[in-house]
Amino acid sequence: MNNSAVSFNTRISKFIKASENLTLSPRLHRPPEFLHLSLLKKCTHLIQFKQIHTQIIKNPSHQTDSLLPKLVEMLVSLNQLDYARLVFDQMVEPTTFVFNTMVRGYAVGCAAREGFQLYIQMRYRGLEPDTFTYPFLLRACTALSQGKAVHCLILKTQGFGSHIYSQTSLISFYSSHGEMKHARQIFDRMPQRNVVSWTAIITGYVKHNKRYKDGLALFHQMQTVGTDINELTLVTVLSACAHIGAFEMGKWIHGYIERTRIFLNSTLATALLDMYAKCGYINTASRVFEMLPQRSVCTWNSIIVGLGMHGYGDEALERFEQMQRSGTRPDSITFIGVLSACSHSGMVEKGREYFYSMSRDFGIEPNIKHYGCLVDLLGRAGLLDEAYEIVRNMPIEPNGVLWGTLLNACAAHTNVELAETAMEHLIKLEPFNDGNYVLMSNIYAAKGQWNDVAKMRRFMKDSRILKTPGCSLIEINNVVHEFTVGDTVHPQSKEIYSMLYDVVRRLKTQGYIPKTQ
DNA sequence: TTAGGGTTAG
């Protein structure tokens, strides 16, 4: 036990002794409550809470409204939920505040059932829910049906013009369950919106539903309306830019951050670095990284992943070493960055060494993604037998991505036999992934096994597996245009195709032969 | 005592 805990225990012993003596005195029969409160605030260990709790319940007059709720609140904050419940159950007249606090506690453990039970108990006692109740209750929900039940309760008690916090919670809940239609309906019907509700709906599109263009469109709309924008909004918008390569937009946001002097905290910096890296501007990402006022494991990860992605393996590993010298402990994601950097730069020995050092030197157990990187590292380098050995002996059940990694390596090094083994697993794990069949067909073609190519194509046709049309995005004047193979949706489609034919014609005159198989 | 955020294997 450390010194502060010892001194605390001395103080509490003295206090208990004093309060026991005071109880005997007719004039000073109750110890002052503020003493309990000030001691409660200093508690760090469960045993200390228990000692004070014992003292509180010794004096029935102290079970009143200020001490036990405070005790429940503090226990919930310390995640001592069972003990908080025990104290809660001793309360004669728990208030809405205490019910809310308990529901908040259950929300941490996603215990919606207990949360609902408490809510019913609260209403049964004739207590009205307040503006805090539903956001807590929603946070406890995991299943869509549970959230819908809370939505009904909100409508029943608050009506359609319910409180902005409840509505924003509903937007987040529905969007995180893929129900953007519901989320958008609530958003559109809100009588009042603020930066949080706008950010919640944009995040719904971007983070939870991968609808980046829709997210950016709403961000434009948000600016038109003139709502405040803060760093949380920008983090989400930058993440959307990174995913679809909207560099102009991302650069504009960087300018906005500088113009409005928004503090580049580590979350915002991580998103900004990632945007530059994913849009192809790794040098700008490095320059921004150098200037950062604040670095965290995430900002380090972002730059390491970015460098690795661009084939700057040595620079990524240098950043990794620099990160450790700066005193930042690498985490699981750091090693994904490090391993993929080795993989993309062909640094087999170093990659192997880093993989085995993860648990040995850093206490981080490799997960399936780390194994994926290792298999990719070995596979790209042509060490297919070793890669297959890893897949067969790894302690985690290999998934589709992992077998897909091996299949890619087989395609790069034309190994039909191992590709067929990988394919056997992929048919079970990813039966509708057209890319796998096309790759297998290409491996047969590379070996000249045309009968097998035909078989593979026939299998795809019979199983009604269609090739996903190729898709590309281009950003012009802050607007992202999306194209799929053969589409004529764009208003300038004729001119675009005419230009494409011209490009292909010129390429062919320079000796380019398209690879169509 | 309440709502919204980043980096991760083919």
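Just so it is clear, the model here is predicted, and its values are computed rather than measured. All chains are named by letter (A, B, ...) in the order of the sequence lines, taking the proteins before the strands, and each is independently numbered beginning at 1.
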- What residues 185-192 of chain A contributes to the DNA chain B interface at heavy-atom separation below 4.0 Å is none

- Item | Residue list, side chain to side chain contact (heavy atoms under 4.5 Å, CB included) with A/Gln158, at least two apart or on another chain | A/Tyr134, A/Ile154, A/Ser162, A/His163, A/Ser166

- Check every strand shown and say whether A/Asp130 touches a base, only sugar-phosphate, or nothing at a heavy-atom separation below 4.0 Å. base

- Message: Any base atoms under 4.0 Å from A/Ser296, or only sugar-phosphate, or nothing? Heavy atoms, all strands.
- Response: base

- Task: Give me the residues of residues 267-286 of chain A where at least one heavy atom lies under 4.0 Å from an atom of DNA chain B, by number, or none.
- Result: A/Thr267, A/Thr270, A/Asp274, A/Lys278

- Using the test ring pair (Phe, Tyr, Trp, His ring centres under 6.0 Å), find all partners of A/Phe99 that sit at least two apart in sequence or belong to another chain. A/Phe88

- Message: Just to be sure I understand the rule, does A/Leu234 reach a base, reach only the sugar-phosphate, or reach nothing, if contact means heavy atoms closer than 4.0 Å?
- Response: nothing

- Message: Whether A/Arg261 engages the ring of A/Phe263 as a cation-pi pair (distance to the six-membered ring centre under 6.0 angstrom, angle to the ring normal within 45°) should be assessed.
- Response: no

- Query: Where the side chain of A/Glu258 meets the backbone of A/Gly255, is there a donor-acceptor pair that is under 3.5 Å apart?
  - Reply: no

- Item | Sequence-distant partners of A/Thr101, side chain to side chain contact (heavy atoms under 4.5 Å, CB included), two or more places apart | A/Val72, A/Glu73, A/Val76, A/Phe97, A/Arg104

- Query: Is the closest basic N to carboxylate O distance between A/Arg123 and A/Glu128 below 4.0 Å?
  - Reply: yes

- Query: Got a sec, which residues hit side chain to side chain contact (heavy atoms under 4.5 Å, CB included) with A/Ser345, two or more places apart in sequence or on another chain?
  - Reply: A/Met347

- Query: Is the charged tip of A/Arg329 near the ring of A/Phe362: under 6.0 Å from the six-membered ring centre and within 45° of its axis?
  - Reply: no

- Task: Output yes when A/Glu318 and A/Arg325 qualify as a salt bridge under the 4.0 Å nitrogen-oxygen rule, no when they do not.
- Result: yes

- Task: Report the residues that fulfil ring pair (Phe, Tyr, Trp, His ring centres under 6.0 Å) with A/Tyr281, sequence neighbours left out, ordered by chain and then residue number.
- Result: A/Phe247

- Message: Just to be sure I understand the rule, does A/Val375 reach a base, reach only the sugar-phosphate, or reach nothing, if contact means heavy atoms closer than 4.0 Å?
- Response: nothing

- Message: For the aromatic rings, using the six-membered ring if either is Trp, is the centroid distance between A/Trp198 and A/Phe187 under 6.0 Å?
- Response: yes

- Message: What contact category does A/Cys373 fall into here, base, sugar-phosphate, or nothing, at under 4.0 angstrom with non-hydrogen atoms?
- Response: sugar-phosphate

- Item | Flag if over 12 foreign heavy atoms under 6.0 Å of CG, A/Asp385 | no

- Message: Does either side chain, that of A/Thr334 or that of A/Asn301, offer a donor lying less than 3.5 Å from an acceptor on the other one?
- Response: yes

- Task: Please list, chain by chain and in numerical order, all residues satisfying ring pair (Phe, Tyr, Trp, His ring centres under 6.0 Å) with A/His344, sequence neighbours excluded.
- Result: none

- Query: Using a cut-off of 4.0 Å on non-hydrogen atoms, how would the nucleic acid contact of A/Gln167 be classed: base, sugar-phosphate, or nothing?
  - Reply: nothing

- Query: A/Phe320: what forms a ring pair (Phe, Tyr, Trp, His ring centres under 6.0 Å) with it, not counting sequence neighbours?
  - Reply: A/Phe335, A/Tyr354

- Task: Looking at every strand, decide which applies to A/Gly435 at a 4.0 Å heavy-atom threshold: base, sugar-phosphate, or nothing.
- Result: nothing

- Looking at DNA chain B, which of residues 323-356 of chain A put a heavy atom within less than 4.0 Å of it? A/Ile333, A/Ile336, A/His344

- What does A/Ser172 touch in the nucleic acid at a heavy-atom separation under 4.0 angstrom: a base, only the sugar-phosphate, or nothing? sugar-phosphate

- Item | Segment of DNA chain B, first to last nucleotide, that comes within the 4.0 Å heavy-atom reach of chain A | B/dT1 to B/dG10

- Message: Over all strands shown, is A/Thr199 touching base, sugar-phosphate only, or nothing at heavy-atom distances under 4.0 angstrom?
- Response: base

- Message: So if I take residues 405-417 of chain A and measure heavy-atom distances to DNA chain B, which residues fall below 4.0 Å?
- Response: A/Thr405, A/Asn408

- Task: Go through the side-chain N and O atoms of A/Gln322 and A/Arg319 and say whether any donor and acceptor fall under 3.5 Å apart.
- Result: yes

